[in-house]
Amino acid sequence: MAKDLKVYNHLNYQEQPSEKEDGFVEFLLQHSETDAPEVDENLAWERLNQKIHNPNKGFVWMKVAAAVAILAILTISVFLYNPTSSQLHVASADQKVSVTFPDGSVGILNANSSFTYPEEFGDERNVSFQGEAYFDIQKSNKPFIIDVNGVDVKVLGTAFNLITTGEEVKLYVDRGLVAFEKEGQQTQVPAGNEAIFNRKTASVSFSEIPSENIMSWRNGVFNFDKTPLSQALKELGEYYNVEFELSNTKLQNCRLSVSFNNEPLSKVLKTISTALSLKTSRKNDTVKISGQGC
């Protein structure tokens with residue numbers, strides 16, 4: 001048949017191939033039977049069966065390699081389209097909890113408060129927060145942004161105390177400069193000031209920090225200088241997690257001038273009793289104070 005093909009090609013490709021295309025197919029059909037080798041059908045079926053049940057090892061490795069490549073592509077795709085790292089959630093119950101953020105900044109949670117933040121910070125240092133906490137923020141060109149139910153507290157490097165309630169966000173700036181921000185409107189708060197953001201009116205009011213003990217819940221250091229007893233007991237009650245009851249309203253205006261440095265509650269009560277000639281008694285989480293008044 002090879003000789004016939006050679007003759008056919010020599011004679012017919014001198015003309016246009018398009019005119020002889022059908023004739024070439026016909027030529028193949030006419031000569032295919034005479035030169036075709038005989039086929040052992042049983043042997044052919046046996047070889048096919050072996051290939052089905054014993055596939056070529058190279059083919060298997062090709063499939064494995066393809067699967068690995070697809071897995072790698074999917075992994076890279078997940079990383080590219082989900083670049084944010086896992087979120088961490090830290091909550092305090094009845095004790096204070098200290099947290100070090102990925103940039104080295106520190107947040108101290110008061111009781112019944114929480115942080116949510118990523119394992120790694122990106123272009124911004126974002127933290128969500130509820131409750132009360134003291135923040136000591138490392139200086140950086142990347143802003144540190146605290147989300148408090150839609151209100152942002154934005155800083156670069158500073159220290160401050162933050163309290164959230166249902167209607168307000170209270171900010172006490174220890175050092176540096178802090179800003180309230182909502183819907184593009186920013187209000188800056190310098191050190192030594194208290195700022196209260198009202199959620200209903202979206203307004204910010206300023207005042208001096210009402211007490212130097214406003215952040216004493218962190219270390220238990222209290223300084224009272226002719227402080228009304230009612231105010232002193234409120235601050236001490238929040239720290240020691242107790243409720244004070246006065247036997248009469250006259251005691252509210254007694255002036256207290258003492259200092260405490262992380263003292264146990266029993267010593268605090270003894271000091272108050274001695275300083276103001278009062279009697280104190282405690283039952284569970286309630287402390288009763290009685291006396292004639294000042």
Side-chain angles (χ1 to χ4, degrees), residues 83-93 96-103 105-218 230-231 234-235 237-239:
T84 56
S85 56
S86 300
Q87 294 289 310
L88 303 178
H89 182 75
V90 179
S92 61
K96 294 182 288 292
V97 175
S98 180
V99 174
T100 300
F101 298 112
D103 65 332
S105 297
V106 175
I108 303 175
L109 288 171
N110 202 351
N112 304 311
S113 305
S114 66
F115 291 138
T116 300
Y117 59 97
E119 289 181 338
E120 297 293 337
F121 286 140
D123 294 335
E124 294 180 342
R125 300 175 288 172
N126 296 95
V127 174
S128 295
F129 163 70
Q130 288 291 328
E132 180 174 10
Y134 180 84
F135 294 85
D136 194 342
I137 306 303
Q138 293 287 330
K139 290 184 178 180
S140 171
N141 292 328
K142 297 179 180 180
F144 196 102
I145 302 174
I146 304 167
D147 177 22
V148 188
N149 288 340
V151 180
D152 288 341
V153 177
K154 184 178 293 187
V155 300
L156 292 176
T158 182
F160 55 94
N161 198 79
L162 196 61
I163 302 174
T164 65
T165 63
E167 297 182 356
E168 295 178 336
V169 179
K170 295 182 179 181
L171 172 68
Y172 307 101
V173 183
D174 193 9
R175 69 172 190 271
L177 187 68
V178 182
F180 273 127
E181 186 172 295
K182 183 176 177 62
E183 298 177 354
Q185 299 296 319
Q186 189 178 97
T187 303
Q188 295 184 343
V189 185
N193 284 268
E194 171 192 29
I196 301 176
F197 180 88
N198 188 296
R199 298 179 189 276
K200 290 184 176 180
T201 62
S203 61
V204 179
S205 59
F206 289 85
S207 66
E208 292 185 356
I209 293 179
S211 170
E212 62 177 304
N213 301 316
I214 197 67
M215 291 181 257
S216 295
W217 62 266
R218 294 184 297 120
S230 58
Q231 177 64 33
K234 179 181 179 182
E235 295 173 6
E238 291 176 354
Y239 179 77

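What's counted below: heavy atoms across the whole structure, side chains too, no hydrogens, waters or symmetry copies.
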Residues that [X] engages under ring pair (Phe, Tyr, Trp, His ring centres under 6.0 Å), provided they are two or more places apart:
X	answer
F180	F197
F160	F135
Y172	none
F101	F115, Y117, F144

Partners meeting side-chain hydrogen bond (donor to acceptor under 3.5 Å, both in side chains) with [X] (sequence neighbours left out):
X	result
N149	Q130
N161	E132, W217
S105	D103

By side-chain contact (heavy atoms from CB on, under 4.5 Å), which residues pair with [X], not counting sequence neighbours?
X	result
T100	V106
S205	I196
Q185	none
L177	Q188, P190

### Message
Applying salt bridge (Lys or Arg N to Asp or Glu O under 4.0 Å) as the test, list every pair that has at least one member in residues 147-167; sequence neighbours left out.
### Response
K154-E181, E167-K200
